[in-house]
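Reviewing the structure listed below.
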Amino acid sequence: MHPKVCRRTGLGAVAVAVALSCAPGAAAATESRERTSRSLEAPASADAFLRAGLPAATPEAPARRASAAGAAGPLATPAPGATAGSALAAGPSSYPSQPRLRVYPDEPADAAAARGALAYDEIAPRVQALMDRSAYVSAEVVGTSTLGREQLLVTLTAPETPTETAQQTAWRQAMKDDAEAAAADEAFAAGYKVPLWFNNNIHGNEVEGTDASLAWMEDLVDRAEAGDAEALEVLATSRLYFTMSNNPDGRVAGARRTALDLDANRDHITNATPETRTTRALADRLQPLFFSDIHGYTRTLQVEPCGPPHGENYDYDLFLPHAYASALRIEADVAAADIPGNVYRAEDGSPTPENTGRFTIPYRDTPVGWDDWPPVFTAQYVAYQGAVTSTVELPRGTDVATNITIGRQVITSTTDYVLENRADMLANQVEIFRRGSAGEPLRTLGADPDPATVPGPDQWAELWGPEDVYRTDFPDAYVIRVGEDQRSATNAARLVDTLLAHGVEVGRVPGRHEVDGVTVAPGSYLVDMQQPMRGLANALLAPGSDISDRVPFMYDVSAWSLGELWGADVDTVQELPRTSRGRSLVRARPVTQARGTASVPRGSDLRLALTGPAEVRALNRLLADEVPVGVLPDGSVVLDQSRRAAAAAVSRAEGVAFTEADDVTPGEDGVPLARPLRVAYTTSSSVPLGGDDLLSLEALGYEDPLRVSAATLASGEASLEDVDVLWVGAGLSRGPLPAEALAELEAFAAAGGDLVGRGTAATALAQQLGYVDATAVAGNGWGNGLLAVETPAGGLLDGVAEDHAFGYAPVHFTDLGEGDVVEQTYGDDPLVAGHWTPLDAAGVGGPAAAAGQPSVISGESEAGGRAVLFGTYPTFRAHPVGMLDDLARALGVAQG
């Protein structure tokens, strides 16, 4: 598999000879860049979850997802990051680690089995059988899916004593803790077992990666047990990790998304799904040298690296050479295997049964539409661990058996390439962490680089051009404010804990400083960018860039900043004062979680400002417990001091801080009582457990909001009779509403019900029901990003809205009627970061057309019901946390 032996280790029982300096992998002949456009994939319908009956994984599994702290995702608790890794221990203390795995009952509706792949309930028995016959195989349960199915991680490696495993862990940690020393450590270079990680089935209906991994593991173990020297060398010099099914609920249902109706391969910043929280924790723990995410389906086999735009926070000079060379190796090996039934890439990019020796490598073949810009994708997220990563797409139109064979060859070629090039790749991974810790400027490949100055293979160079050059200048630090200058203490705590869960180092500053025009108050959180994970830290916190003029369109989201969209005040510090050795003079003590934010004063009435979702949840909990809560004119709420025990309970549960209030009596003194709201929401999906609208409503504390659709309203299955407010996040129907559904909606409006929603669908319904006269003008359908907005004083959103919002296909409003009110507008230059272009030369559908135009409006029906319509997207993938208090105000959370 890999060439001559050239080093030894001092690890006793695992002492083996391994290639230290290796020949580059087999290279396919490179040509001038072709980069033909990609056919974009449409997500599978989530209706399959209902068709599959959503079977519980175990008899005792609840019908809905678990309600334990942290289980429902980052919007459900005030400090989600603190529990984000709770599904994972530190890993086995030695190898093998071979527990008895849970055997699940047969599920006749398993969609994977219906296609000829392994049923989910067959995976654990196959892994168990492999463990039972070999000490090279270990397994652990690393998480559970939304519906409670276990996620298995299987590890193949030579046996290790506890001392040897501890040494491997110490070496892995030293790469980040002291990368400079690790780079000079000969024992580390000789003895570290490089980790390769193959992730399977993150899209539930893309199944063959699981089957290919199992078949490949069984073959390697068979050869090792038979004494095959190459197999034994692989096991002695590496740890091979396999996530058997990242999305088991989707596997059973035959659905792309998770049971929360979220695409897990778009969730690696927000981590709203338990499936990606497992992946996030594993990425930090495994710190892979190479990560391969096995998917399907494109016209031919497709193997990254990506075309532009390239993520601007990566050390691309250390990533690209081996990423491209390994893709060429996989292409050459799969073509040489001449697998019956495989398809190949013709000159025009179409699939052909003729073995052309070519598949699709986006860096070479796809000019736009397959990029590594957003770290929401699994491979692009894991790359911040210093890994070379690849999303592998198995071909469509081939049968399951053929794709399993292709997948096995991909795993073989990947493993061979990494072990042949381990010394160079490992040095690069250490160097990424060293650069970050040293605070060096990002090194990038210029428009016309000399490949001789870039370490590693040089096949990439003749394809590289100005269109590939993306870079950023890292600031010296970020400061997350505390105290009076922080708009939301709970959102700030959530942000800190989320950063920590992503492996970003955060410190707390004990004293006051004035730095680079920024006031750093005592207790503020400091993210010093001289740290090994500085690339991910900046990707999470920076606003991002406007790339509208760089590429014609984007495959997915183009901006995602937690620093701007998560409702906390974050300052950018371009230059920290430092010693001659680079140590910050603004001393910060490392933290492992955010400091508690709960407090309740004594001896006075209690005021709660609704500054974030945690405070809104606290209010809704109080109302659910029938605690009298008054509404003050500024939108905050007040409790009589006799209700201190109730306040203390929600303060502890949600991390909220009550302050002293004037002596008032809720329900008297001109202070109306808040009332609980019954909320309904529309959906175009039939997945009963999720969707970003439902998750956002639940994050605000609306328990069991009523789900309605045109069909359920028409049939009488759902009724709006007891509903106070209807959230319209999705259109009720593609065509005219059924007469019965329209009658139900008209009765709701006639009774004075409130309507809140987003986009053209909600506006059309609000017009039809007589709430507004305004027209919604849709922006470019793929335009999305961080948007500048302005909120009028004295309006509905005054006091809660921020300077930025998120938009996808942003909508603005025109032709407002006499009673329509502008609650927010787009800024004069609305796109701060992202990708948003006009549809034509006149600027239609672009940011210039929306500049200064209303982004949020309200209106009133004849019966007195209010409509609030967003042209922005406050619930997008449950991500823009800072917009949830806007949504709460629109819903009327504190109305009397």
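Using a distance-only test at 3.5 Å, with no hydrogens or angles considered, a donor-acceptor pair links the side chain of Gln168 to the main chain of Gly191. With hydrogens and angles ignored, the 3.5 Å screen pairs a side-chain donor or acceptor of Asp372 with a backbone N or O of Gly311. Judged by distance alone, with hydrogens and angles left aside, the side-chain atoms of Thr453 form no donor-acceptor pair with the main-chain N or O of Pro449 at under 3.5 Å. For Ser413 (side chain) and Ile330 (main-chain N/O), no donor-acceptor pair under 3.5 Å exists by modelled atom type. Put simply, the side chain of Ser561 gets close to the backbone of Glu564: a donor and an acceptor are under 3.5 Å apart. A side-chain donor-acceptor contact under 3.5 Å links Ser134 to the backbone of Tyr136. Side-chain atoms of Thr276 never come within 3.5 Å of backbone atoms of Thr279 as a donor-acceptor pair (strictly under, hydrogens ignored). Put simply, the side chain of Ser138 never gets that close to the backbone of Gln98: no donor and acceptor are under 3.5 Å apart. Glu304 places a side-chain N or O within donor-acceptor distance of the main-chain N or O of Thr391, the cut-off being under 3.5 Å. Asp516 places a side-chain N or O within donor-acceptor distance of the main-chain N or O of Gln574, the cut-off being under 3.5 Å.
Here NZ of Lys176 is found 11.0 Å from CD1 of Ile432. Values are rounded to the nearest 0.5 Å. Note: Asp317 CG to Glu431 CD = 8.5 Å, rounded to the nearest 0.5 Å. Here Leu526 contributes atom CG and Asp571 contributes atom CG; the two are 11.0 Å apart, rounded to the nearest 0.5 Å. Atom CG in Asp293 sits 10.0 Å away from atom CG in Asn201 (nearest 0.5 Å). With rounding to the nearest 0.5 angstrom, the CG atom of Leu289 is 9.0 Å from the CG atom of Leu419. Annotation: the span from Leu235 atom CG to Thr157 atom OG1 amounts to 6.5 Å, rounded to 0.5 Å.
Ring geometry, Trp373 versus Trp560: the interplanar angle exceeds 60°, so the pair is classed perpendicular (tilted spans 30 to 60°).
Under the 4.5 Å side-chain criterion, counting only non-hydrogen atoms from C-beta, Thr498 is in contact with Leu562. At least one side-chain heavy atom of Pro375 sits less than 4.5 Å from a side-chain heavy atom of Ile269. A heavy-atom distance below 4.5 Å is found between the side chains of Ile361 and Tyr324. Between Tyr525 and Leu495 the shortest side-chain heavy-atom distance does not fall below 4.5 Å. The shortest distance between side-chain heavy atoms of Val194 and Pro288 does not fall below 4.5 Å. Taking the side chain as every heavy atom from C-beta outward, Leu445 and Val469 never approach each other to under 4.5 Å. Using a 4.5 Å heavy-atom threshold, the side chains of Phe433 and Gln531 count as separate. Counting only heavy atoms from C-beta outward, the side chains of Ser390 and Phe291 never approach each other to under 4.5 Å.
Judged by the 6.0 Å distance and 45° axis criteria, Arg329 is not positioned over the aromatic ring of Tyr417. For the pair Arg550 and Tyr470, the cation sits on the ring face: its NZ or CZ lies under 6.0 Å from the ring centre, inside 45° of the axis.
When only modelled atom types and interatomic distance are considered, Trp197 and Ser292 share no side-chain donor-acceptor pair under 3.5 Å. Looking at Tyr478 and Asn538, their side chains do bring a donor and an acceptor atom within 3.5 Å of each other. A donor and an acceptor atom, one from each side chain of Thr472 and Asn313, are nowhere located under 3.5 Å apart.
Look at Arg434 and Asp178 and you find no salt bridge, because none of the NZ, NE, NH1 or NH2 atoms lies under 4.0 Å from a carboxylate O. A salt bridge links Asp476 with Arg578: the distance from a Lys NZ or Arg NE/NH1/NH2 to an Asp or Glu carboxylate oxygen falls below 4.0 Å. With respect to the salt-bridge test (charged N to carboxylate O, under 4.0 angstrom), the residues Asp315 and Arg435 qualify. The existence of a salt bridge linking Arg471 and Asp473 is confirmed by a sub-4.0 Å separation between a basic side-chain nitrogen and an acidic carboxylate oxygen. Between Glu140 and Arg285, at least one side-chain nitrogen of the basic residue sits less than 4.0 Å from a carboxylate oxygen of the acidic one, meeting the salt-bridge criterion. At a threshold of 4.0 Å, the pair Arg239-Glu160 counts as salt-bridged, since one of the basic side-chain nitrogens sits closer than that to a carboxylate oxygen.
When all heavy atoms of Trp370 and Cys306 are compared, the closest pair comes out as O-CB, 3.5 Å. Contact record, Ala283 with Tyr381: CB-CE2, 4.2 Å, taken as the closest heavy-atom pair. Considering all non-hydrogen atoms of both residues, Ser524 and Val479 come closest at CB-CG1, 4.0 Å. Trp460 approaches Tyr363 most closely through the heavy-atom pair O-OH, 2.8 Å.
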TODO: Please test Arg280 against Asp284 for salt bridge (charged side-chain N to carboxylate O under 4.0 Å, His left out), starting from the C-alpha separation and ending with a verdict.
DONE: CA-CA 7 Å; Arg280 178 181 66 185; Asp284 183 63; over 6 Å; no

Open item on the list: Pair Thr389, Gln380 - check side chain to side chain donor-acceptor pair (under 3.5 Å), show working.
Closed with: CA-CA 7 Å; Thr389 64; Gln380 279 60 59; 4.8 Å; no

TODO: With salt bridge (charged side-chain N to carboxylate O under 4.0 Å, His left out) as the test, would you mind laying out the steps for Glu331 and Arg364 before giving the verdict?
DONE: CA-CA 12 Å; Glu331 178 181 63; Arg364 180 188 66 198; 2.7 Å; yes

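Aromatic ring centroids of His268 and Phe377 lie 6.0 Å or more apart. Aromatic ring centres of His322 and Phe290 lie farther apart than the 6.0 Å criterion allows.
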